[in-house]
Amino acid sequence: MTTGVLGTGAVGRTIAAKLAELGHDVVMGTRVPAETLRRVVKEDGAGSQLDAWLAKRTRIKLGTFAEAATHGDLVWNATSGGKSLAVLGASRAASVGPRILVDVANPLDFSRGMPPTLLVKDTDSLGEQIQREYPSLRVVKALNTMNAAVMTDPSSVAGGAHTAFMCGNDAEAKAEVRAVLESFGWRDVIDLGDITASRGMEMILPIWLRLFGILKTPSFNFHIAR
Ligand SMILES: NC(=O)c1ccc[n+]([C@@H]2O[C@H](COP(=O)([O-])OP(=O)(O)OC[C@H]3O[C@@H](n4cnc5c(N)ncnc54)[C@H](OP(=O)(O)O)[C@@H]3O)[C@@H](O)[C@H]2O)c1
């Protein structure tokens, strides 16, 4: 399977690495590949650059946002939430057929310092904005409610006994994304319905950030007991 990942931050790298480990061929997108290759990443030890990180993960190629957005039928949005709409527009993701876009981004606004606020909330969400602006994309919001490391390694928290949410307008797209999440190890995936559920998924961020401050670790998640 071929997959595009828009974003080279902790989320983009974590998802790309997991997909590659599962046998997908991945193009990870960035603004200027030659510059991003020299960026230091922390997974492989202090001082390691992205080109060395990629050399150990040969199924992942670094490309432009446009190259990643047009690679495969399933594309992940792991870009800074305030820039996601612009990245998707510039990358022509929506002009190449009815792709599934898994939106992991949060519309965080750091302009007033920490903690960040949300750029959109209550009556709208980034997930809905993407779906509205690019109607040919089949947007599925998923995995934005937890730390990057937990996204692809649910067993790292409470043996995996916790919950991933998803939402979107297209039932087939959600079924495909659910299968990918299950391949990551997720056992409890709750479908919250149509893309308007992105509001609640994105508004989890303030409580997530507060918990992070109190627990002093990002290695936790929400478990919906029933
Ligand atoms: N970190 C987490 O644990 C976590 C958890 C849940 C959800 N999220 C959400 O997932 C997304 C990715 O998070 P992240 O922590 O991996 O990294 P991030 O720093 O939020 O985003 C990194 C990506 O955004 C792109 N970007 C930043 N500014 C840009 C601009 N002005 N124009 C175009 N692209 C721009 C970067 O492009 P370049 O590659 O060109 O630099 C990079 O690929 C965010 O929306 C975040 O809120 C993060």
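Whatever order the structure lists ligands and atoms in, that order sets their numbers, starting from 1. For clarity, every value in this text was computed on a predicted model and none was experimentally measured.
- There is no side-chain donor-acceptor pair under 3.5 Å between T2 and H71.
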Report all N/O contacts between ligand 1 and the protein shorter than 3.5 Å as a table of atom names and distances to 0.1 Å; if there are none, say 'none'.
residue  : atom   : partner : partner atom : Å
ligand 1 : 3 (O)  : N147    : ND2          : 3.2
ligand 1 : 3 (O)  : A148    : N            : 2.9
ligand 1 : 16 (O) : A10     : N            : 3.0
ligand 1 : 16 (O) : V11     : N            : 2.8
ligand 1 : 21 (O) : S80     : N            : 3.3
ligand 1 : 24 (O) : S80     : N            : 3.0
ligand 1 : 31 (N) : R31     : NH1          : 3.4
ligand 1 : 39 (O) : T8      : OG1          : 2.6
ligand 1 : 39 (O) : T30     : OG1          : 2.6
ligand 1 : 40 (O) : T30     : OG1          : 3.0
ligand 1 : 40 (O) : R31     : N            : 2.9
ligand 1 : 40 (O) : R31     : NE           : 2.8
ligand 1 : 41 (O) : R31     : NH2          : 3.0
ligand 1 : 41 (O) : R39     : NH1          : 3.0
ligand 1 : 41 (O) : R39     : NH2          : 3.0
ligand 1 : 43 (O) : T8      : N            : 2.9
ligand 1 : 43 (O) : T8      : OG1          : 3.4
ligand 1 : 45 (O) : T79     : O            : 2.7
ligand 1 : 45 (O) : G81     : N            : 3.3
ligand 1 : 45 (O) : N106    : N            : 3.1
ligand 1 : 47 (O) : N106    : N            : 3.4

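- Listed by first and then second residue, the side chain to side chain donor-acceptor pair (under 3.5 Å) pairs that reach into residues 209-220 come to none, sequence neighbours excluded.
- Note: E21 CD to F184 CZ = 9.5 Å, rounded to the nearest 0.5 Å.
- Proximity of a side-chain donor or acceptor of K141 to a complementary backbone N or O of A105 within less than 3.5 Å is detected.
- Ion pairing between E43 and R13 holds under the 4.0 Å rule for side-chain N and carboxylate O.
- Counting heavy atoms from C-beta on, the side chains of L54 and L37 come closer than 4.5 Å.
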